[in-house]
Amino acid sequence: MTVRVRFSPAPSGELHVGSARTALFNWLFARHEGGTFLVRIEDTDVSRTREEWVDAIGDTLRWLGLDWDETPWRQSERIDVYLAAADRLLASGAAYECFDTPEELDEMHAARKAAGLAPGYDGRGRDLSADDRARLAAEGRPRTVRFRTPDSGPSTFTDVVRGEVTVEWSTISDFVIVRSDGSPLFFLANAVDDLEMGITHVVRGEDLIDTTHRVLAIRRALGSDQVPLYAHLPLILQADRAKLSKRHGAVAVEDFRARGVLSEALFNYLALLGWAPDDDREVMDRAEIVDAFSLTRVTHSAAIFDDKKLEWINGEWIRRLAHDVIVDRIRPFAHDRYGVGLDETLLDAAVTIGQERASTLVALADQMDFLFAGDGFTVADTVWADVATVEQPAAVLDAVITH
RNA sequence: GCCCCCAUCGUCUAGUGGCCGAGGACGCCGCCCUUUCAAGGCGGUAACGGGGAUUCGAACUCCCCUGGGGGCACCA
């Protein structure tokens with residue numbers, strides 16, 4: 001079987017490190033297995049989608065070094081496919097039409113919660129007659145399509161990292177697959193696409209583990225007896241053990257990029273969050289990681305994102321990369337900061353110092369402050385005071401190089 | 001509230017019944033190198049959440065508790 005995986009981001013913001021890690025693991029798995037890595041934009045919710053995010057996510061993936069194999073899919077261009085599937089589910093009785101108003105649903109949720117149940121749905125629309133439905137539709141009530149879940153019995157699937165995952169159907173109520181505005185929802189689109197695109201392995205965050213039962217149920221109702229192999233990755237948490245959020249500093253890949261984290265370093269660090277090779281290596285390049293990667297070695301518990309360790313790996317990479325490569329990457333920073341009159345010789349000298357001591361490209365740029373500005377040095381306090389007091393740039397350079 | 005998942009140093013992790021009086025890395029603390037900062041070298045600090053059970057023997061198996069996380073939407 002040829003491995004076929006996909007990364008399916010919702011374009012509702014910049015790519016954050018959690019999603020990037022998911023993309024990375026999918027990519028690593030595909031490359032390791034010689035399989036295919038696809039990108040599928042899950043933009044069925046038009047209100048949350050912005051075209052600029054679609055482009056931004058692509059740029060970020062490219063920057064990280066994650067290349068995809070086929071033209072990216074857009075779910076927004078396949079709406080009719082999902083609705084056709086919904087019609088089939090309706091025809092077979094696997095799904096049914098509902099005409100509940102938002103107010104009625106709110107009331108029901110409150111009542112169910114008070115009764116110690118999950119918000120869910122009480123199935124009130126399940127057994128409406130054709131006449132009932134026609135009448136309610138005629139009243140102008142909103143029409144949605146719900147998937148009918150089994151009343152009882154176990155739902156089990158095999159997860160590569162977690163083993164057998166079982167849940168009782170009675171805890172999962174009927175859920176909406178087509179909105180009142182006629183657009184399809186995640187569960188439907190996801191099930192249809194994974195099926196039609198021949199996805200063999202679904203690698204995603206653990207926050208989606210509970211949705212698997214529903215997606216699998218839709219697949220079966222659609223007539224498929226094929227089940228992709230799932231692998232739910234442990235979540236990435238903040239230092240306070242809460243889910244990563246924008247309130248707590250950098251979470252978007254672009255934030256790290258702007259901060260001067262090298263692509264190689266973030267790739268390397270992210271690979272180590274939730275996975276470890278079977279030896280002691282930590283600083284590894286892309287090829288080494290692809291070679292060593294395996295889903296069976298993915299860890300089980302949530303990991304805290306550690307900036308310190310990222311900084312360390314970044315420093316390793318700054319020192320490891322060829323001098324010219326760093327000069328090329330630092331040039332935009334230097335240019336922004338010091339303008340057109342950029343002195344290439346000094347830039348070169350700054351990188352020399354930077355590779356020796358900096359952990360991030362921004363810190364490296366700080367080294368340049370005193371080289372370019374002469375007296376205004378921001379290098380850690382009194383560091384290199386004697387060198388910085390030399391007035392002639394040439395002498396500074398000399399001192400730096402011979403130091 | 002209900003459901004699911006998870007549980008080794010502060011953090012990332014190795015570990016799949018004896019090789020573990022628990023290994024590596026980051027961080028932190030010393031010392032060395034160095035005119036100073038880094039980098040580097042050397043050393044140190046620090047963990048199997050608790051209780052049962054199985055076993056000749058449990059970090060590794062099972063159960064309970066506790067703790068943490070996630071889910072329960074006309075978001076994905």
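Note that this is a predicted model, so its numbers are computed, not measured. Reminder, nothing fancy here: chain letters follow the sequence lines and each chain counts from 1.
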Exercise. With C1' as the reference atom in both, quote the distance from G15(B) to C60(B) in angstrom, rounded to an integer.
Key: 8 Å

Quiz prompt | Per His300(A) side chain, nearest of listed nucleotides A14(B), C4(B), A7(B) | solution = A7(B)

Exercise. Take atom CE of Met108(A) and atom C1' of C2(B), then tell me their distance rounded to the nearest Å.
Key: 15 Å

Practice problem: May I ask you to check whether Tyr82(A) and Phe186(A) place their ring centers less than 6.0 Å from one another? | Solution: no

Quiz item: Looking at Thr158(A) and Glu164(A), what are the two nearest heavy atoms and their distance?
Solution: OG1-OE2, 3.0 Å

Practice problem: Let me know the distance between CD of Glu164(A) and P of C6(B), rounded to the nearest Å. | Solution: 12 Å

Quiz item: What does nucleotides 24-29 of chain B look like as a protein-contact string, B for base, S for sugar-phosphate only, - for none, at under 4.0 angstrom between heavy atoms?
Solution: BBSS--

Practice problem: Figure out the NZ/P separation between Lys113(A) and G1(B), and round it to whole Å. | Solution: 11 Å

Exercise. Write down the distance separating the P atoms in G69(B) and C20(B), rounded off to the nearest Å.
Key: 35 Å

Quiz item: Which of these passes salt bridge (Lys or Arg N to Asp or Glu O under 4.0 Å) with Glu264(A): Arg257(A), Arg320(A), Arg329(A)?
Solution: Arg329(A)

Quiz prompt | Ile313(A) CD1 - A39(B) C1' separation (whole Å) | solution = 17 Å

Self-check item: Whole angstrom value for the distance that separates P of A38(B) from CG of Asn314(A)
Solution: 18 Å

For nucleotides 60-63 of chain B, list the nitrogen or oxygen atoms of the protein found under 3.5 Å from its nitrogen or oxygen atoms, one pair per line.
none

Self-check item: Whole angstrom value for the distance that separates C1' of A39(B) from CD of Glu311(A)
Solution: 16 Å

Exercise. Describe the nucleic acid contact of Thr44(A) in one word from base, sugar-phosphate, nothing, applying a heavy-atom distance below 4.0 Å.
Key: sugar-phosphate

Quiz item: Rounded to whole angstroms, how far apart are CG on Leu216(A) and C1' on C4(B)?
Solution: 15 Å

Self-check item: Phe7(A) six-ring centre to Arg40(A) NZ/CZ under 6.0 Å and within 45° of normal
Solution: no

Exercise. Look through every strand shown and name the nucleotide pairing with U61(B) as Watson-Crick or G-U wobble, where both distances are under 3.5 Å.
Key: A53(B)

Self-check item: Of Arg6(A), Arg204(A), Arg219(A), the residue whose pairing with Asp194(A) passes salt bridge (Lys or Arg N to Asp or Glu O under 4.0 Å)
Solution: Arg6(A)

Practice problem: List the steps, then state whether salt bridge (charged side-chain N to carboxylate O under 4.0 Å, His left out) holds for Glu311(A) with Arg259(A). | Solution: CA-CA 11 Å; Glu311(A) 290 292 313; Arg259(A) 193 211 273 180; 3.3 Å; yes

Quiz prompt | Leu64(A) CG to Arg21(A) CZ distance, which is reported to the nearest 0.5 Å | solution = 13.0 Å

Quiz item: When all nucleic acid strands are considered with a 4.0 Å heavy-atom cut-off, which category describes Arg297(A): base, sugar-phosphate, or nothing?
Solution: sugar-phosphate

Exercise. Identify whether any heavy atom of Gly274(A) sits under 4.0 Å from a base atom; if not, whether one sits that close to sugar-phosphate; answer base, sugar-phosphate or nothing.
Key: sugar-phosphate

Quiz item: Ring centroid separation for Phe175(A) and Phe187(A), is it under 6.0 angstrom?
Solution: yes

Quiz item: Are Trp317(A) and Tyr269(A) near enough that their ring centres are under 6.0 Å apart?
Solution: no

Quiz item: Parallel, tilted or perpendicular: which fits the ring planes of His213(A) and Trp169(A), with parallel below 30° and perpendicular above 60°?
Solution: perpendicular

Practice problem: Could you work out the separation of A47(B) and C31(B) based on their C1' atoms and round it to a whole Å? | Solution: 26 Å

Short heteroatom pairs, N/O only, protein and nucleotides 67-74 of chain B, under 3.5 Å:
| from | atom 1 | to | atom 2 | distance (Å) |
| --- | --- | --- | --- | --- |
| G70(B) | N2 | Asp210(A) | OD2 | 3.0 |
| G71(B) | OP1 | Lys243(A) | NZ | 3.1 |
| A73(B) | OP2 | Gly120(A) | N | 2.4 |
| C74(B) | OP2 | Arg146(A) | NH2 | 3.4 |
| C74(B) | O2 | Ser180(A) | N | 2.9 |
| C74(B) | O2 | Ser180(A) | OG | 2.9 |
| C74(B) | N3 | Ser180(A) | OG | 2.9 |
| C74(B) | N4 | Asp100(A) | O | 3.3 |

Exercise. Under a 3.5 Å limit for both distances, which nucleotide forms a Watson-Crick or G-U wobble pair with C72(B), could you say?
Key: G1(B)

Quiz prompt | Base partner of G67(B), which must satisfy Watson-Crick or wobble distances under 3.5 Å | solution = C6(B)

Quiz prompt | Arg74(A) versus Thr49(A), side-chain donor and acceptor atoms under 3.5 Å | solution = no

Quiz prompt | Cation over ring face, Arg146(A) and Tyr121(A), 6.0 Å, 45° | solution = yes

Quiz prompt | Whichever of Leu272(A) and Glu168(A) has its nearest RNA chain B nucleotide further upstream toward 5' | solution = Glu168(A)

Quiz prompt | Pair assignment for A22(B), Watson-Crick or G-U wobble, requiring both distances under 3.5 Å | solution = none

Exercise. Please confirm whether Arg297(A) makes a cation-pi placement over Phe293(A), using NZ or CZ under 6.0 Å from the six-membered ring centre and within 45° of the ring normal.
Key: no

Exercise. Identify, between Thr299(A) and His213(A), the residue whose nearest nucleotide on RNA chain B lies closer to the 5' end.
Key: His213(A)

Self-check item: Nucleotide paired to C48(B) in any strand shown, Watson-Crick or G-U, under 3.5 Å
Solution: none

